[in-house]
A.B. asks: 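Got a structure for you, questions after.
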Amino acid sequence: MIQVGVIGCGKIAQTRHLPEYADHAQVNIAAVYDLDFERAKGVAKTYGARACASVEELLADKHIEAVSVCVANASHFEVSAAAMRAGKHVLCEKPMAVTLEQCEEMVRISEETGRYLMIGHNQRLTKTHLRAKELVSQGEIGKVLSFRTTFGHSGPESWMIDRSNNWFFDKSRAQFGALADLGVHKTDLIQFLTGKRIRKVTAKLNTLHKTDDAGKKLDVDDHAVCIYEMEDGIVGTMTAGWTYYGREDNSTVLYGTEGIMYIYCDENFSIVIEKKDGSRVCHQIDRIQTNTDQTKSGIIDAWVACLLEKKQPGISGAEALSAMKAIFAASESSRTGRTVEVK
Ligand SMILES: NC(=O)c1ccc[n+]([C@@H]2O[C@H](COP(=O)([O-])OP(=O)(O)OC[C@H]3O[C@@H](n4cnc5c(N)ncnc54)[C@H](O)[C@@H]3O)[C@@H](O)[C@H]2O)c1
């Protein structure tokens, strides 16, 4: 039985990490911690865990082998680094951290301590995305030439556990807006689907519509448009928005030499392939998780499998670092008005 701890007991912990751990036959949620002790106590009661009064108390528990880090973005580094140094394997939520230096340091600490570091890029794990990758690898649409991928909804304010404490809109705690909140998922996904790294980024970040409670325009972006140039010359767009005031858009289209693959574009079929000879193949696989329709993400099963089998996670810190480099490059591109190379 693997003993785990959960640090940060807000919405993502309550909708994903805690229930998915509780669902796993080989996991016991030993302890939880949150800055809001009442919240930690409530969660501890639900899951039969111990509520810790400090993060140090949780990390000092020798029985705990691994932790989920589900705190606000600006604390990902501090908490993950302390956990790995205390000997715990870490599953940290996305975005990995808020500066490039912090992301690189997390990878370094993972290597130095020999602790696994996995980042919550759960989009890779949907059955549809896994099948799409397989179909691309089998050459179903030929060589991928270009793409467009997007993730947008009406903003985190409808998702938050505590609407009065919206850290997503506070630059000091979130650092980025829609770009890193939603865009990092698709940035990771497009590298996964194409098997190529992003090499150059041209981007425009905006705050189109969101304001704080006082009516002041946010100082984080609520909309991002990025042009990604990949290795081998594949070019495409990645857009992310908290300004899609309707149904969530979580779609990706890959344009290949032999046809087009539409992923999560069609109501009934999660993959539709249109070949250049006019034929059409439809796959009904799953529906994507949305803020209002939570299905099992698979992230905990994938994480626990690594712990049980003692193998490095596929979505490792090093892997997530490459997506984060594109995110930092997008931010720089928007600031400078230049195309930025991803090193
Ligand atoms: N993978 C995904 O699809 C996905 C979806 C939503 C959120 N997230 C990520 O999960 C993280 C948490 O988001 P959320 O929506 O659950 O937010 P939330 O505000 O609902 O929960 C965060 C919790 O962490 C606590 N907290 C903050 N800083 C802390 C610290 N230093 N130590 C202990 N507790 C602390 C808060 O009190 C709160 O209870 C964010 O990084 C977010 O980007 C990922």
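When a ligand or atom number is given, it counts from 1 through the structure's own listing order.
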A.B. asks: In ligand 1, which numbered atoms sit nearer than 4.0 Å to a non-hydrogen atom of Lys11?
C.D. replies: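 The atoms of ligand 1 under 4.0 Å from a heavy atom of Lys11 are 15 (O), 16 (O), 18 (P), 20 (O), 21 (O).
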A.B. asks: Between Phe192 and Leu130, is a side chain to side chain contact (heavy atoms under 4.5 Å, CB included) present by the stated rule, with each step listed?
C.D. replies: CA-CA 9 Å; Phe192 173 68; Leu130 288 167; 3.9 Å; yes
A.B. asks: What part of Phe176, side chain, backbone, both or neither, has a heavy atom within less than 4.0 angstrom of ligand 1?
C.D. replies: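 Contact part for Phe176 vs ligand 1: neither.
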A.B. asks: Heavy-atom distances under 4.0 Å decide this one: backbone, side chain, both or neither, for Cys70 against ligand 1?
C.D. replies: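 Backbone only; the side chain of Cys70 stays clear of ligand 1.
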A.B. asks: Where does Asn122 meet ligand 1, judged by heavy-atom distances below 4.0 Å: at the side chain, the backbone, both, or neither?
C.D. replies: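 Answer for Asn122: side chain.
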A.B. asks: Decide whether the shortest distance between a heavy atom of Leu35 and an atom of ligand 1 is less than 4.0 Å.
C.D. replies: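 Yes, Leu35 has a heavy atom closer than 4.0 Å to ligand 1.
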A.B. asks: Show me which atoms of ligand 1 lie under 4.0 Å from any heavy atom of Ile161.
C.D. replies: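 Contacts of ligand 1 toward Ile161, numbered from 1: 20 (O).
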A.B. asks: Are Asp162 and Lys11 ion-paired here, with the side-chain N under 4.0 Å from a carboxylate O?
C.D. replies: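 Result for this pair is no, no salt bridge flagged.
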A.B. asks: Report yes if Glu93 has an N/O atom closer than 3.5 Å to an N/O atom of ligand 1; otherwise report no.
C.D. replies: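 N/O-N/O distance under 3.5 Å: yes.
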A.B. asks: Are His129 and Tyr264, when compared by the centres of their aromatic rings, separated by less than 6.0 Å?
C.D. replies: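 So the answer is yes for these two rings.
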A.B. asks: Would you mind listing which atoms of ligand 1 come within a distance below 4.0 Å of any non-hydrogen atom of Gly120?
C.D. replies: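 Atoms satisfying the 4.0 Å criterion: 1 (N).
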A.B. asks: What pairs meet the ring pair (Phe, Tyr, Trp, His ring centres under 6.0 Å) rule with one or both residues in residues 65-96, with sequence neighbours excluded?
C.D. replies: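 Pairs touching residues 65-96 that pass the test: His89-Tyr116.
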A.B. asks: So which of Ser75, Cys92, Gly8 gets nearest to atom 31 (N) of ligand 1, if we judge by its closest heavy atom?
C.D. replies: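 Looking at heavy atoms only, Ser75 sits closest to atom 31 (N) of ligand 1.
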A.B. asks: Nearest to atom 38 (C) of ligand 1 by heavy atom, Arg16, Lys94, Arg39: which?
C.D. replies: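 When every heavy atom of Arg16, Lys94, Arg39 is considered, Arg39 comes closest to atom 38 (C) of ligand 1.
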A.B. asks: Would you mind listing which atoms of ligand 1 come within a distance below 4.0 Å of any non-hydrogen atom of Tyr33?
C.D. replies: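 Going through ligand 1 atom by atom, the ones under 4.0 Å from Tyr33 are 32 (N), 33 (C).
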A.B. asks: Could you tell me whether Glu267 and Arg247 make a salt bridge, using a distance below 4.0 angstrom between a side-chain N and a carboxylate O?
C.D. replies: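 Result for this pair is yes, salt bridge flagged.
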A.B. asks: Which ligand 1 atoms are under 4.0 Å away from a heavy-atom of His185?
C.D. replies: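 Answer, ordered by atom number: 1 (N), 2 (C), 3 (O).
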A.B. asks: Between Glu111 and Arg108 (salt bridge meaning N to carboxylate O under 4.0 Å), is one present in this structure?
C.D. replies: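 No, no charged N to carboxylate O under 4.0 Å.
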A.B. asks: Would you call His76 a ligand 1 contact, heavy-atom distance under 4.0 Å?
C.D. replies: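 Flag set, His76 near ligand 1.
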A.B. asks: When you check the gap from the basic side-chain N to the acidic O, do Glu258 and Lys143 get nearer than 4.0 Å?
C.D. replies: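 No.
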A.B. asks: So is Ile12 polar-close to ligand 1, meaning N/O to N/O under 3.5 Å?
C.D. replies: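 So ligand 1 has an N or O lying under 3.5 Å from an N or O of Ile12.
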A.B. asks: Less than 4.0 Å between a side-chain N and a carboxylate O, is that true for Lys196 and Glu229?
C.D. replies: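 No, this pair does not count.
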A.B. asks: Counting only heavy atoms, tell me which of Cys52, Ala72, Ala180 gets closest to atom 27 (C) of ligand 1.
C.D. replies: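 Result: the heavy atom closest to atom 27 (C) of ligand 1 is in Ala72.
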A.B. asks: Inspect the contact between Arg163 and Asp213 and indicate whether a charged nitrogen and a carboxylate oxygen are less than 4.0 angstrom apart.
C.D. replies: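 The answer is yes: the pair qualifies as a salt bridge.
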A.B. asks: Please list, in number order, the atoms of ligand 1 under 4.0 Å from a heavy atom of Phe168.
C.D. replies: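 Counting atoms of ligand 1 from 1, those under 4.0 Å from Phe168 are 15 (O).
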A.B. asks: Using a strict 4.0 Å cut-off to heavy atoms of Pro95, name the atoms of ligand 1 that fall inside it.
C.D. replies: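 Listed by number with element: 43 (O).
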A.B. asks: Verify the ring-centre separation between Phe328 and Phe176: is it less than 6.0 angstrom?
C.D. replies: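 Yes, they do, as the ring centres are separated by less than 6.0 Å.
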A.B. asks: Please, which pairs that meet salt bridge (charged side-chain N to carboxylate O under 4.0 Å, His left out) have at least one residue in residues 325-343, sequence neighbours excluded?
C.D. replies: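 For residues 325-343: none.
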A.B. asks: Taking only non-hydrogen atoms of Ser297, do any sit less than 4.0 angstrom from ligand 1?
C.D. replies: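 In this structure, Ser297 fails to qualify as a contact of ligand 1 - no heavy atom is under 4.0 Å.
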A.B. asks: Determine, for Asp34 against Lys41, whether the closest basic-nitrogen to carboxylate-oxygen distance falls under 4.0 angstrom.
C.D. replies: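 So Asp34 does not pair with Lys41 through a salt bridge.
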A.B. asks: Going by the order shown, which atoms of ligand 1 are within less than 4.0 Å of some heavy atom of Trp159?
C.D. replies: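 The list of qualifying atoms is 6 (C), 15 (O).
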